[in-house]
Amino acid sequence: MDSQNITSVSQEKRTFSPSAAFKRQANLQTLSKYQRLYSESINTPDKFWAKQANEQLVWRKPFRQVLQWKPPHAKWFVGGKLNVSENCLDHHLGTARENKAALIFEGEPGDVRTITYRQLHFHVCRMAHFMENLGIKAGDRVAIYMPMIPEAVIAMLACARVGAVHTVIFGGFSAEAIKDRINDCHAKLVITADGGWRRGKIIELKANVDKAIAGAPCVHSVMVVKRCGNPVTMVEGRDVWWKEAWEGAPNCHDAKAFDSEHPLFILYTSGSTGKPKGVLHTSAGYLLGAKLSSHYVFDLKENDRYFCSADIGWITGHSYVVYGLLSNGSTVFLYEGAPNHPEPDRFWQMIDRHGLTILYTAPTAIRAFMRWGDNYVLRHRLDSLRLLGSVGEPINPEAWMWYHKMIGKKKCPIVDTWWQTETGSIMVTPLPGFTPTKPGSATLPFFGVKPMVVDSDGNEVPRNSGGKFVITQPWPSMLRTLWGDDERYKKAYYSEFARHPHYYFTGDGARQDKDGYFWIIGRIDDVLNVSGHRIGTVEVESALVSHPAVAEAAAVGRPDELKGQSLVVFVTLKSTAVASEELKEALRAHVGKEIGSLAKPDQVRFAASLPKTRSGKIMRRLLKELATNGEVKGDTTTLDDLSVIATLQTEE
Ligand code: 6R9
């Protein structure tokens, strides 16, 4: 098993417990209480989830059955009806939260806006009306390609309100990638902005949407928020400014009730084969998972000001910027831009300026802050912070210790949360009031989650041995299928173990230590984790071979101090092409165009040929070893032509 994803030079053996002061005020304070609730959630899940669903969610019609499980298909809270946006908004009106800040937004240029729950409701109602007037009906798909501005949240909630299924596309994806996603789910409406600010420059979002729609005839309408004021082309009869749409619409909107299993959103994510997968989440179960985990994992209190640095284009932004937090009535801080603009202390400055109490970010960001130097941190007080979180990849002990000392001033518990786009909400995590943490371990399962480390037959391996990380029982916020491809859903997640067709395979490797703590090692499939972003090697390879100079390509990950993994591609050229530095640059740019700049290879290597098995499969394992160590020592017995490796070793 590959443990090299964790770029660790030191071992941290200490455990860290929350302070008595933190414990006293925590939403859950003792291990014994957790154990009792956890056992109940696993042994009598129907009872546990019925109680949670009734307490946490506002129902229009009660459900009659908690779970209908016909592996690998689940239906949760069968027969129930609710409206997700009502749970996030209307539910807080008429209470002390009505005039509480729902969103505090800071744009990269420094503009600040505060939007209360009442105001957010008002905006969402208007947009919901507008969307209905455009002809958007329940079940229709709406693509959202926006910067991190309040309108992005409003757009998501307006979709939820009218029952439209949103698919948020991260602003870093290219026109090609947008086109593929829009076509895959047949989106009728695209909501975007003229641009977004990133390191003082404008990212031209509308221009990308225009290019994408040229190849996506399913799109009827485009709504455009004016954010940067950069020139854009508005197509008559198709494009409308957000402000104009908004001005014409009434303020009140009666939200319809939708079935528990009504689709809420599709989020595309990289898989080990082919095109990105459209992970489908539905309404009640997803919302319950996001809400309950937010409450316990972030220990939410009424006066918290919570900052999650993830973009809403990722699942973390969906669950832990929007749905989990707003359903709890929390104040969410939104930041538009880069963490090092204008200086690498932007986060710390914003934390002091707005009195932020919780920070949830990724190890790759923490490592960048470490590299930029302590002085940028030490200029700020950071005394409002009380809890820190990490997500997206394994956190190496050095980064954990730095986060603990420099940002948390040794008093903030750190929650290292393991989960995935597919799981919808946090699955393995410390609960900050009592779990002793070990740097690098996501610790223990959340309520209702039964993980296991197994061998290739699906049998549990002994403690401390590495194996495949699976989840053996269904949970409310699980993905329901892949959009338009249920066969792929079954194959990707529920076909790994013939004798255990109900085991969900995560694609990760893990081990469980003697205390029962889980240590996630990283992906064991053909998915890379570069700066916390999932990138499918196959996607990058397809992008490369679509370039006229390329005959064949293989993409592999190499451990990287900053990014966790960096992307190295091996390319063989067509006989007509000539290897050159310019061509390497052109290939990087080509991948940027096909997928987005996040997938641009860090290194392009030309090769005379690629190592293959006798059945013709590229042996990425050997290339990975080569990219990492400069040589190949691993098993080459299945290699078709040994000389390929010798040549490759001398080729860079
Ligand atoms: C939420 C999110 C999922 C993959 C997952 C794993 C890695 C996420 C982690 C972690 C170790 C953690 N991952 N959190 N690995 N410790 N705390 O990131 O979703 O983008 O779908 O990525 O990220 O490899 O399988 P997603």
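By convention here, the first residue in the shown sequence is residue 1. In each ligand, atom 1 is the first atom listed, and ligand 1 is the first ligand listed. Every value quoted in this text rests on a predicted model; they were computed, and no experiment measured them.
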Verdict with supporting geometry, Asp304 and Ser330, side-chain hydrogen bond (donor to acceptor under 3.5 Å, both in side chains): CA-CA 7 Å; Asp304 270 316; Ser330 300; over 6 Å; no
Which ligand 1 atoms does [X] reach within 4.0 Å, using its non-hydrogen atoms?
| X | result |
| --- | --- |
| Val391 | 1 (C) |
| Ile315 | 1 (C), 19 (O) |
| Asn529 | 7 (C), 23 (O) |
| Thr417 | 9 (C), 12 (C), 14 (N), 17 (N) |

One thing to verify: whether [Y] and [X] come together as a salt bridge, which I'm taking to mean a side-chain N less than 4.0 angstrom from a carboxylate O.
| X | Y | value |
| --- | --- | --- |
| Glu561 | Arg367 | no |
| Glu393 | Lys563 | no |
| Glu422 | Arg534 | yes |
| Asp508 | Lys468 | no |
| Asp602 | Arg588 | no |

With backbone taken as N, CA, C and O and side chain as the heavy atoms from C-beta onward, which portion of [X] lies under 4.0 Å from ligand 1: side chain, backbone, both, or neither?
| X | value |
| --- | --- |
| Glu393 | backbone |
| Ala442 | neither |
| Ile520 | side chain |
| Val428 | neither |

Residue-ligand contact Trp314/ligand 1, heavy atom below 4.0 Å: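 No heavy atom of Trp314 comes that close to ligand 1.
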N or O pair under 3.5 Å between [X] and ligand 1:
| X | result |
| --- | --- |
| Ser390 | no |
| Thr269 | no |
| Thr316 | no |
| Glu422 | no |

Identify the protein heavy atom lying closest to [atom], giving its residue, its atom name and the separation to 0.1 Å.
| atom | answer |
| --- | --- |
| atom 6 (C) of ligand 1 | Asp508 OD2, 3.0 Å |
| atom 20 (O) of ligand 1 | Arg534 CD, 3.6 Å |
| atom 3 (C) of ligand 1 | Trp419 O, 3.6 Å |
| atom 11 (C) of ligand 1 | Pro394 N, 3.1 Å |

4.5 Å side-chain heavy-atom contact, Phe446 and Val297: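 Result yes, sub-4.5 Å side-chain heavy-atom pair found.
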Heavy-atom side-chain proximity of Val168 to Tyr145 below 4.5 angstrom: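 The answer is no; the side chains never approach within 4.5 Å.
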Rounded distance (nearest 0.5 Å) linking atom OH of Tyr335 with atom OG of Ser309: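 Between Tyr335 OH and Ser309 OG, I get 11.0 Å after rounding to 0.5 Å.
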Report, one line per pair, each donor and acceptor closer than 3.5 Å where one atom sits in a side chain of residues 174-182; sequence neighbours left out.
from: Ser174; atom 1: OG; to: Ala177; atom 2: N; distance (Å): 3.4
from: Ser174; atom 1: OG; to: Lys593; atom 2: O; distance (Å): 2.6
from: Ser174; atom 1: OG; to: Glu594; atom 2: O; distance (Å): 3.4
from: Ser174; atom 1: OG; to: Ile595; atom 2: O; distance (Å): 3.4
from: Glu176; atom 1: OE1; to: Lys179; atom 2: NZ; distance (Å): 3.4
from: Asp180; atom 1: OD2; to: Lys275; atom 2: NZ; distance (Å): 3.3
from: Arg181; atom 1: NH1; to: Ala177; atom 2: O; distance (Å): 3.2

Option whose closest heavy atom lies nearest to atom 21 (O) of ligand 1, chosen from Thr506, Thr429, Thr421: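 That would be Thr421.
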Candidate with minimal heavy-atom separation from atom 23 (O) of ligand 1, of Ser319, Ala362, Gly392, Gly532: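 Going through Ser319, Ala362, Gly392, Gly532 one by one, Gly392 has the nearest heavy atom to atom 23 (O) of ligand 1.
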Gln565 side-chain N/O to Gly557 backbone N/O, donor-acceptor pair under 3.5 Å: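 Not a single qualifying donor-acceptor pair exists.
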Donor-acceptor contact below 3.5 Å, side chain His281 vs main chain Leu287: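 No, because the side chain of His281 does not come within donor-acceptor range (under 3.5 Å) of the backbone of Leu287.
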